[in-house]
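So the structure is just underneath, and the comments pick up after that.
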Amino acid sequence: MENYKSDVEIKLVALDMDGTLLNKQGQVSEANRHAIQAAKDKGIIVVLSTGRSLTTSREHADSLELNSYLVTVNGSEIWDENRELVQRNLVKSEHIEWMWELSQQHNTQFWAISTERNFHNEMPEDIHRLEWMKFGFNIDDDNTRAIIMKELQDKGEFELSNSTLKNIEVNLAGINKAKGLELVCSRLGLEMKDVMAVGDSLNDLAMIKAAGMGVAMGNAQDLVKESADWVTATNEEDGVAKAIDKWVLKKY
């Protein structure tokens with residue numbers, strides 16, 4: 001696969017955050033920071049493509065001086081270079097309520113992202129007053145996770161993924177990071193073959209498959225590694241920097 005991809009010309013780098021760009025301390029390493037700056041100096045567009053909301057990703061985008069698009073909440077929101085909303089994809093509030101009840105029934109931890117704020121293991125009194133983009137379950141027990149996953153699949157209304165092996169992330173059906181990046185590319189006059197996408201979890205799978213160069217982290221889930229064109233080092237070993245050095249800066 002590597003030889004087949006050796007002539008790929010990357011024009012946009014899409015980076016997942018947790019488990020990819022960020023280390024275990026939730027920080028961007030100096031090596032990653034330098035590589036991103038070097039890519040930008042070469043005229044490459046660098047986009048954060050994350051399950052996080054704008055609220056919890058903006059600080060990192062600003063610290064990296066990324067004057068580009070942001071794909072947030074797994075593609076539920078797309079923001080332009082001025083942090084103006086380009087597109088938003090909502091989950092029906094009755095579906096959010098149903099998932100919250102499902103989490104209560106199985107006694108799991110959960111989180112939810114509305115257009116106003118993030119909620120962790122608590123919900124507002126009037127769920128239907130807010131607009132929602134994502135619901136997530138944190139489930140330690142494998143059997144419980146399988147039961148909830150089956151319920152979600154049977155509903156047929158959702159895009160299901162994860163950001164760790166212990167959770168389930170739920171977005172509107174058909175909404176994922178690849179769809180978000182396709183919109184970004186169309187606005188920039190690029191194609192997905194011009195993209196290098198880097199990630200570690202199932203919510204990165206669609207963009208890794210769709211990109212011209214799909215890179216899995218060394219700490220990525222097995223299915224992500226199997227689906228990628230190349231596997232880099234872990235998020236503790238500057239895996240993002242190594243991928244940029246190889247495929248964008250062509251250092252080795």
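Since we're looking at a predicted model, the values are computed, not measured. Values below: every heavy atom of this structure, side chains too, minus hydrogens, waters and symmetry copies.
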Roughly how far apart are [X] [atom1] and [Y] [atom2], rounded to 0.5 Å?
| X | Y | atom1 | atom2 | value |
| --- | --- | --- | --- | --- |
| Ser53 | Asn118 | OG | CG | 4.0 Å |
| Lys134 | Ser76 | NZ | OG | 8.0 Å |
| Leu152 | Ile147 | CG | CD1 | 12.0 Å |
| Asp140 | Asn167 | CG | CG | 10.5 Å |
| Ile44 | Glu9 | CD1 | CD | 7.5 Å |

Legend entry - Output field: ring centroids His95/Phe158 closer than 6.0 Å: yes
Inset, instruction - Measure from the ring center of Phe119 to the ring center of Trp132 and say whether it is less than 6.0 Å. - result: yes
Legend entry - salt bridge (charged side-chain N to carboxylate O under 4.0 Å, His left out) contacts in which one or both residues fall within residues 141-152, not counting sequence neighbours: Asp142-Arg145, Lys150-Asp154
Legend entry - Where at least one partner belongs to residues 216-228, residue pairs that pass salt bridge (charged side-chain N to carboxylate O under 4.0 Å, His left out), sequence neighbours excluded: none
Is there a side-chain contact between [X] and [Y] (heavy atoms, below 4.5 Å)?
| X | Y | answer |
| --- | --- | --- |
| Val184 | Ile45 | no |
| Leu205 | Leu223 | yes |
| Arg83 | Asp62 | yes |
| Trp100 | Glu122 | no |
| Thr72 | Trp79 | yes |
| Asp200 | Val224 | no |
| Met99 | Phe137 | yes |
| Glu236 | Asn219 | no |

Got a donor-acceptor contact below 3.5 angstrom from the [X] side chain to the [Y] backbone?
| X | Y | result |
| --- | --- | --- |
| Asn171 | Val73 | yes |
| Ser114 | Glu116 | yes |
| Lys242 | Glu237 | yes |

Inset, instruction - Take Val28 and Leu21, measure what side chain to side chain contact (heavy atoms under 4.5 Å, CB included) needs, and give me the verdict at the end. - result: CA-CA 6 Å; Val28 181; Leu21 173 63; 3.9 Å; yes
Inset, instruction - Before giving the answer on side chain to side chain contact (heavy atoms under 4.5 Å, CB included), spell out for Leu202 and Asn162 the whole-Å C-alpha distance, their side-chain angles and the decisive distance to 0.1 Å. - result: CA-CA 5 Å; Leu202 296 190; Asn162 71 19; 3.3 Å; yes
Inset, instruction - Any chance you could lay out the side chain to side chain contact (heavy atoms under 4.5 Å, CB included) test for Val195 and Leu190, step after step, and finish with the verdict? - result: CA-CA 8 Å; Val195 174; Leu190 301 177; 5.9 Å; no
Inset, instruction - Only counting residues at least two apart or in another chain, list the ones meeting side chain to side chain contact (heavy atoms under 4.5 Å, CB included) with Arg187. - result: Tyr69, Val86, Leu183
Legend entry - Residue pair Asn74, Glu169: steps toward the side-chain hydrogen bond (donor to acceptor under 3.5 Å, both in side chains) verdict: CA-CA 9 Å; Asn74 291 344; Glu169 299 205 344; 2.7 Å; yes
Legend entry - Least distance between heavy atoms, Ala35 atom then Asp245 atom: CB-OD1, 4.2 Å
Inset, instruction - Report the C-alpha distance between Asp229 and Val8 in whole Å, list the side-chain angles of each, state the deciding distance to 0.1 Å, and finish with yes or no for side chain to side chain contact (heavy atoms under 4.5 Å, CB included). - result: CA-CA 11 Å; Asp229 299 306; Val8 69; over 6 Å; no
Inset, instruction - Just do the side-chain hydrogen bond (donor to acceptor under 3.5 Å, both in side chains) check on Asp238 and Ser29 with the steps written out, would you? - result: CA-CA 7 Å; Asp238 310 318; Ser29 71; 2.7 Å; yes
